Amino acid sequence: MEALDDEIGLESLMTTRHEKTLSQAILERRATPSFDGAEIAPEDLRQIVAAGLAAPSAFNLQPWRFVVVQGEEQKKRLRAAAFNQGKVEEASAVIVACGDEDGWRKDLDQMILQGVEGGMPEGYAAQARNIVPNYLSHFSRDEMHGWLNKNVMIATTHMMLMAEAMGYDTAPMEGFEQEKVREALRLPLSYWVVALLAVGHLKGPDKFFGGRFEIGHTVFGEEFGKPLK
Ligand SMILES: Cc1cc2nc3c(=O)[nH]c(=O)nc-3n(C[C@H](O)[C@H](O)[C@H](O)COP(=O)(O)O)c2cc1C
């Protein structure tokens, strides 16, 4: 790991502690209905966050921004912005996953600089300098939100599975009011709130397993309608 990675905490992913395997984490994760509210160790939170920051993103532009809410008063405010969902206040931490509509404008140079340091070919860098503004500056607001949703949810999913692997429980949420969350967190106007991710430990019984559709309903091989072999 290089110095830059150390700054954002990627080194915390090189842990020697026992974690669930990825398959276990995927199978055992449930959308947690209620949390016990116990504090989360700062180093655990760093590891969860670092897993998100390690996610892939379009052109490596990392347009995500996360606000981690742990304070009691702030959790109350956030709960009020999230249709009064109790788990927002009960969770040890709520990671508010946002995208910055203007992130690419500010970060393009930095992305290229870091890329070049890591071995990005100059031809690729030159192309990115052209293609990124050409592509993104024409986006409508809705298209930009769609693009942010894609990128931010991958990072949020990394965090969710890392938390599960470490023995925490999580709850992803879309039940919130955009403007109210912005106000509670004093977010800049260019921020778009994508999801809330509550992290902590389950209190009481876990949620039922709702099952999944059989594979032929949602997965095709080669073209629509053909079964995956
Ligand atoms: C994008 C997204 C938004 C969600 N929003 C909420 C929410 O606001 N409140 C809630 O109780 N559950 C929410 N959920 C949890 C889903 O209801 C849950 O994942 C689904 O029922 C499947 O259950 P499981 O995650 O336990 O397998 C959300 C899940 C996702 C992925």
Side-chain angles (χ1 to χ4, degrees), residues 19-37 40 48-49 51-58 63-70 74-101 142-185 187 191-219:
E19 288 172 1
K20 292 182 189 179
T21 65
L22 181 57
S23 296
Q24 267 178 318
I26 288 170
L27 278 173
E28 293 175 12
R29 183 209 56 78
R30 289 277 67 77
T32 303
S34 188
F35 292 91
D36 70 7
I40 184 167
I48 292 165
V49 167
L53 302 184
S57 60
W64 46 64
R65 305 290 183 262
F66 298 98
V67 181
V68 182
V69 175
Q70 297 178 83
Q74 197 62 331
K75 281 197 285 189
K76 274 196 177 60
R77 281 190 207 106
L78 195 54
R79 177 181 180 164
F83 300 109
N84 199 31
Q85 295 194 67
K87 52 194 158 195
V88 173
E89 199 176 341
E90 292 169 358
S92 310
V94 183
I95 300 172
V96 182
C98 309
D100 185 353
E101 293 171 17
D142 282 351
E143 284 170 333
M144 176 51 73
H145 290 165
W147 186 75
L148 291 174
N149 288 343
K150 284 187 227 177
N151 287 284
V152 174
M153 278 315 285
I154 293 181
T156 307
T157 305
H158 267 213
M159 292 184 192
M160 183 171 74
L161 291 177
M162 176 54 79
E164 179 73 33
M166 293 167 68
Y168 286 95
D169 301 299
T170 60
M173 281 171 268
E174 64 176 348
F176 59 84
E177 291 175 85
Q178 186 73 222
E179 288 311 319
K180 290 189 180 173
V181 175
R182 278 174 201 251
E183 209 175 297
L185 271 50
L187 299 177
Y191 276 38
W192 168 248
V193 186
V194 174
L196 311 185
L197 180 66
V199 181
H201 287 294
L202 170 73
K203 183 181 75 184
D206 208 349
K207 211 186 101 202
F208 60 90
F209 174 54
R212 294 297 186 262
F213 301 132
E214 53 99 15
I215 192 167
H217 191 71
T218 50
V219 180

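Only heavy atoms go into these numbers, but all of them, side chains included; no hydrogens, no water, no symmetry mates. Order of listing sets the numbers, starting from 1, for every ligand and every atom in it. Numbering starts at 1 and runs along the sequence shown. Because the structure is a prediction, the values reported are computed rather than measured.
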**Q** Under the salt bridge (charged side-chain N to carboxylate O under 4.0 Å, His left out) rule, what do Lys180 and Glu183 come out as? Steps first, then yes or no, please.
**A** CA-CA 5 Å; Lys180 290 189 180 173; Glu183 209 175 297; over 6 Å; no
**Q** Write out the residue and atom name of the closest protein heavy atom to atom 11 (O) of ligand 1, then the distance separating them to 0.1 Å.
**A**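 Atom 11 (O) of ligand 1 sits closest to the protein heavy atom Lys87 NZ, 2.7 Å.
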**Q** Glu89 side chain to Asn84 main-chain N or O, any donor-acceptor pair under 3.5 Å?
**A**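 Answer holds: no.
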**Q** Among Gly211, Ala31, Pro172, which one puts a heavy atom closest to atom 13 (C) of ligand 1?
**A**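 Residue with the shortest heavy-atom distance to the ligand atom: Pro172.
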**Q** Under 4.0 Å from ligand 1, counting heavy atoms only, is it the side chain of Met160, its backbone, both or neither?
**A**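 None of Met160 does.
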**Q** Please find the pair of heavy atoms, one from Met173 and one from Val88, that lie closest to each other, and give the distance.
**A**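 For Met173 versus Val88, the nearest heavy atoms are SD-CG2, 3.8 Å.
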**Q** Taking Arg182 for the side chain and Tyr191 for the main chain, is one N or O donor matched with an acceptor at less than 3.5 Å?
**A**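 Yes, the answer is positive, given that a donor and an acceptor are paired below the 3.5 Å cut-off.
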**Q** Looking at side-chain heavy atoms only, is the closest gap between Leu161 and Thr170 below 4.5 Å?
**A**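 Counting from C-beta outward, Leu161 and Thr170 never come under 4.5 Å.
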**Q** Do Val199 and Ile95 have side-chain heavy atoms sitting under 4.5 Å apart?
**A**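 In short, these two side chains touch, coming nearer than 4.5 Å.
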**Q** Give me the nearest non-hydrogen protein atom to atom 21 (O) of ligand 1 as residue plus atom name, then the distance to 0.1 Å.
**A**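 Nearest protein contact, heavy atoms only, for atom 21 (O) of ligand 1 is Lys207 NZ, 3.1 Å.
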**Q** I need the atoms of ligand 1 closer than 4.0 Å to a non-hydrogen atom of Gly175, numbered in the order shown.
**A**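 Every atom of ligand 1 under 4.0 Å from some heavy atom of Gly175: 8 (O).
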**Q** Please identify which atoms of ligand 1 are closer than 4.0 Å to at least one heavy atom of Gln85.
**A**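 Counting atoms of ligand 1 from 1, those under 4.0 Å from Gln85 are 7 (C), 8 (O), 9 (N), 10 (C), 11 (O).
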**Q** Below 4.0 angstrom from a heavy atom of Arg30, which ligand 1 atoms are there? Numbered from 1 as shown, please.
**A**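 Contacts of ligand 1 toward Arg30, numbered from 1: 24 (P), 26 (O), 27 (O).
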**Q** Do His201 and Tyr168 pass the ring pair (Phe, Tyr, Trp, His ring centres under 6.0 Å) test, and can you show the C-alpha distance, the side-chain angles, and the key distance before you say yes or no?
**A** CA-CA 6 Å; His201 287 294; Tyr168 286 95; 4.7 Å; yes
**Q** What atoms of ligand 1 come within less than 4.0 Å of a heavy atom belonging to Arg29?
**A**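 Here the atoms of ligand 1 in question are 24 (P), 25 (O), 27 (O).
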**Q** To which protein heavy atom is atom 5 (N) of ligand 1 closest, and what is the distance rounded to 0.1 Å?
**A**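 Answer, as residue, atom name and distance: Glu174 N, 2.8 Å.
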